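Just so you know, these numbers come straight off a predicted model, no measurement behind them.
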Amino acid sequence: MTRFILSRLFWAVPIIILILAVNFLLVHLAPGDPVQALVGDFPAPQSYIDQVRHEFGLDQSIWVQLWRYFENLASGNLGYSFANRQPVLDLLLVRTGATLILMIPALTAASVLGVFLALLAAPRSGSVFDSGITALSLFGYSVPIFWLGQLFIILFSIHLGWLPAQGMISLRSAGTGWGYARDLIWHMVLPVFSITIFFIAIVARVARASVVGVLSEDFITTALAKGMSRRTVLWRHVLPNAMIPVVTVIGYNFGYSLTGAILVETVFAWPGLGNLFITSVGNRDYPVLQGILLFSAIMVVIANLATDFIYVILDPRVRRSYGAQNA
Amino acid sequence: MHEFWLKFAGHRFGLAGLVFIVALIVLAVIYPFIVPYDPAAISNDIMMGPSARHWLGTDDLGRDVFAGMCQGIQVSLTVGFAAALASSVLGILIGSVAGFAGGRTDLGLMRFSEMFQVMPSFILAAVIVAIAGPGLARVVAVIAILAWPQVARVIRGEVLRIRQLEFVDAVRCLGYREGAILFHEVIPNALPPVLAVGTLIVGQAILLEASLSFLGLSSADLISWGRMLNNGQRFLFDAWWLSFFPGAAIFLTVLAFNLVGDAVGAVLNPKGEQK
Amino acid sequence: MNGDQRATPIVKVEGLRISYLRGGNAVTAVKEASLAIRPGEAVGLVGESGSGKSTLARSLLGLNPQSRSQIDAGSIVIAGTDVTRYGPSQWEKIRGRPVAMIFQDPLTYLNPVMRIGRQIAESVRRHDRGADVRARVAELLRLVKLPEAIARAYPHELSGGMRQRVLIAIALGCRPKLLIADEPTTALDVTTQAEIMALLAELRERLGMAMLLISHDLGLVGSACSRIYVMYAGYVIENGSNGDVFIRPAHPYTKGLLLSAEVKRNADGRFVTIGGDVPNPATIVEGCPFRPRCPVAMDECGTMPAFTPIPNRAAHEVRCWYVERHPVIQAEEIHAAS
C-alpha cells in the first residue's frame, strides 16, 4: 500500500515541475521586461517592482533566476495582485473554493446520471436509450459549453424568469443561515446544470461500454443461476463493477472538467477561477494568471491521486497486488 | 480509395457531416456575392433582430451578424486544419520513433505524452496566449502542442503492429537502413488511422480557438465565432441573436467534424465499434 | 448411484430445439435433444465442444438470453411443470431450486469485487427466508470443506480448486434437488480435479441430490455417472446405462469416440484415458450429422432416424439406421469397416 502511494506520488512530481517550467518560460516569453510578467501591467509602485526584481534575481544569470523562482514558490510566495490588492495565494484559495462548489455537484450528478442511463440502456442494446446515450455524449463533446450556458440564461432567466442569471448570491440577500444557503443553491442551478452536461460527455460513453462489458461477464450468469432477479443483479453485481472505469475516467479527466467549469463561470459571472482569469486578462495581471495555471495543475495532480485511492477501494484486486509486495 | 468512399457513404451521419463542411467552405468563398454587407462595416442599423434585411440581425455597432459568421468560417477552419496538421506531424514523428525504437526511448516518450494528457491543457493554452499575446499562429502552435499525444498514441500502436510484419524484415534484408525503413515503409502504412484522429482534432481545435476567443484572447480586429460570442455575452439580456447564431455555428461545425471522424474511424477499423 | 426409475423426473426434456439469432440468421445449437433426470441419480452428458451440450444444460435454468436465443420446438418440464415458454420473470422465481448449476471457470464465474461470504449469503437469503444467514454460510463452507475465514476473502485470493468449492457452496445454498455441473474441472489441474469430483460424489450421496455432469472427458463421466447421454452436433444420439454405453456402445460415433480416446478399464474397474483426439464435428448436413464421417453410412442416413431401443438391454437407445438394420453388432465390426 505504501509502495503504491509512493509510486503515484513519484508520478505527480514531473507534472508539477513541467508546469513550473512552463510558468518560468512564460515570464521570459512575455513581451517587454520580464519583471512585468511577475508584477503585471496593472500600475504597481516602483518600490515593489524593484523588490520583485531583487527577489527573483532578474538582474542575475538565468540559473539563479530559475532557482529563486522555485524558492519563492516553495515558500508560498506567488506574488501580489495590485488589481485585487491581495496576495495572489489568498485570492486563489478563495476563488478555487467557489469553483469547486460548482464542480463537485456537477461531477457527482454527471456520474450518477451517466451510469443510471447506461444501466437503463445496456440490457436493451440498440434501443432508443442506447442511441440516446451515444447522441448525448456526442452533443457534450461538440457543444461550446459557454454557449450552452448563454442559451440557458436566455431561456430560463430572461424568457421564463425562473432562475437567477448571474452571480453567486443576490444583492439583497438575507445574508445568513438558511436564507443564504437557499439563495446560493438557487444561483447554482444553471451553472451546475451546464457543467453536468459537459461532464456527461465523458461519463456516458465509458459507462455504457462498461455496463455492457460487465453484463456479458460470467459471474452475472452465476448470480442469475442462484435465482436473483435481474434488477437485484443490476444493482448489486453490475453497478459496483461498472463504476470502476467510470470513476477512473472522471478522475483522470479532472483537467478537462476544470476547463468546463471555468468557461461556464465566465458566462454566469460566478466568482471562481474562471472569472478571476477573465478579469486578470483584462488587467494584464500576470502573476494571477500564472497562479491559476499552477493551482489547476496541483488540483489535477490531487484529483489523479484521489482517483488512484478510490480505485483501490473499489477494486480489491489492486489492493492485494500492491499490498502483497509490502506484506 | 474507391472502396473507402463506398464504405464511408454507408455512414449516413458521417456523410452529412462531410456535406456540411463542404458547404461551409463554399459559403466562406462565395458569401461576398450573397450578402450585401461588409462584415466589418459599421452602420446605423444597431442591435436589430433577425429580419429580411439582416437575416441574423446586427450587433451593437450595426455590423451584420450573418456576414460576420461567414467571415468567421475562415478563422475557424484555418485554425482547425492548421492545428490538426501541425499536431499530426508532431505526433507522427514522436509516435513512430517511440514505436519503432522501442525499449527505453518508447517508455520515455510515452510517459512524456501521458504528462501532456493529464495537464489542464486548456488553462495552459489560455495562460500562454494571455501572457505571450494573441495571434492565430500562436494559437495554432499551442493547440498543436497540446493535441499531439493523441496522434502519437495511435501511430505508435500502428508502428508496433507493422514493425513485426514480414515485409519489414524483407526490406531489411535488402540492406536498407533503419531510418529509411521507418520513413519509407513503416510510416506510410501506419497513416490511415491518423486520418480519423486528425479529423477529431480539427473539431477540438475549432472548439478550443472559439473558447479562447470567447475569453477575449484573440485579436480584436479579427472576426471569429468565439469573438462574436464574447461580444454577445455583454448583450445577453437584449440581443439573443448575437449569442445564438455564432454558437450554433461552432456547435454544428464541431459536431460535423466529430461525425466525420467517427465515421472514418469506423470505416478504417470496423471491429472497434459496432456502429 | 441408481436413482429410482419410477419416480417423477426432476427434469424431463423432449425433442428440444434451440437456436441462436446472430444478425438476422439463426444458428441451431440444439437440434433435437431429449433427456430425463430422476431424483438422486448421476447422469452424464458427453459431447465435443460445439455439440450443444452447454446450451442444453443452460436451457434447464433459462440461462440462454432470450434476446438472442429461442426454443423452436420440444418441451422442458421441471418437477412436473412445463417451463418451455417461461419468460425472464418466471425463470427468476424457479432458478436455483430445484435445479442449481456450477460452471467451468470458477474465477470468471465469481464477482471479483464482492467477498465470498456475501456471494454465498445472497443464495441463502434468496432460498432460505428467515434462516440465520451467517450460520448457514458457515455450514455451507464446512460442507465444501473450506475454512470459515474464507468468507472474508475475495475470489482472486483463492486457488482454482477453492473457487470451484465456493461455486458449489453457492449452488448448494439454493438447496437444489439437481445440480448441473458444466465442465466443473476442465479449468483445474489433475489433482484438484480428482478432489472436486470426490467432493461432488460425497455431497450427492449425503444430500440425496441428483447430478447432471457435462463433460467432453469420457473418463470423468464414466467414473462418476450411472447413466450417459451422448450428444453430437445438436442431437442426443445415444443413451443408456454406464455399462451399456461404455462397454457395448451402439452408435458408430460413440464407438469411434471410445476407440479414439482408447478408454479402457484398469484393474480396479476405474476408467483411464490415454490421449487421442476426436476430430471436429462436420459442417451441417441433411439427415444424420455424423454421415460424412461415418464408416457404415447408408442411403437411409439422408434422413435422421428415430430412437431405436437395443434388444435385451434395459433402456439403451440409439438413433442410427445401421443399428436399426443390424440389431446385433459388435464394436469390432465397425472398427474393421473404418
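Heavy atoms closer than 4.5 Å to chain B are found in both the backbone and the side chain of Tyr141(A). Residue contact with chain B, scored on non-hydrogen atoms closer than 4.5 Å, involves the backbone and the side chain of Leu263(A) alike. Ile154(A) touches chain B through its side chain: at least one heavy atom from C-beta onward sits under 4.5 Å away, while N, CA, C and O do not. The contact between Val143(A) and chain B is made by backbone and side chain atoms together, counting heavy-atom distances below 4.5 Å. Contacts between Leu289(A) and chain B at a heavy-atom distance below 4.5 Å involve backbone atoms as well as side-chain atoms. At a 4.5 Å heavy-atom cutoff, Ala256(B) makes no contact with chain A through either its backbone or its side chain. Only the side chain of Val300(A) comes within contact range of chain B, with at least one heavy atom under 4.5 Å from a heavy atom of that chain. When heavy atoms are compared at a cutoff of 4.5 Å, Ile206(B) does not approach chain A at all.
Taking chain A as the reference chain and counting heavy-atom pairs below 4.5 Å, the highest number among Ala210(B), Ser211(B), Gly203(B) is found for Ser211(B). Interface remark: of the candidates Gly274(A), Gly255(A), Ser296(A), Ala297(A), Ser296(A) forms the most heavy-atom pairs closer than 4.5 Å to chain B. Annotation: maximal heavy-atom pairing with chain A below 4.5 Å, among Leu259(B), Ile250(B), Leu229(B), occurs at Leu229(B).
Nearest heavy atom pair, residue Ser142(A) against residue Asn258(B), reads OG-ND2, 2.9 Å. For the pair Arg95(A) and Gly272(A), the tightest heavy-atom approach, listed with the atom from each and the gap, is NH1-O, 3.2 Å.
Between Phe139(A) and Phe251(B), the angle of the ring planes goes over 60°, which puts this pair in the perpendicular group of the 30/60° scheme. A perpendicular orientation is assigned to the rings of Phe244(B) and Trp240(B), their planes being inclined by more than 60° (bins at 30° and 60°).
With contacts defined as side-chain heavy-atom distances shorter than 4.5 Å, the pair Leu24(B)/Leu252(B) does not qualify. Contact annotation: the side chain of Leu258(A) approaches that of Thr99(A) to within less than 4.5 Å [non-hydrogen atoms, C-beta and beyond]. Between Asn253(A) and Phe199(A), the closest side-chain pair of non-hydrogen atoms is not below 4.5 Å. In this structure, the side chains of Phe20(B) and Thr253(B) come closer than 4.5 Å at one or more pairs of heavy atoms.
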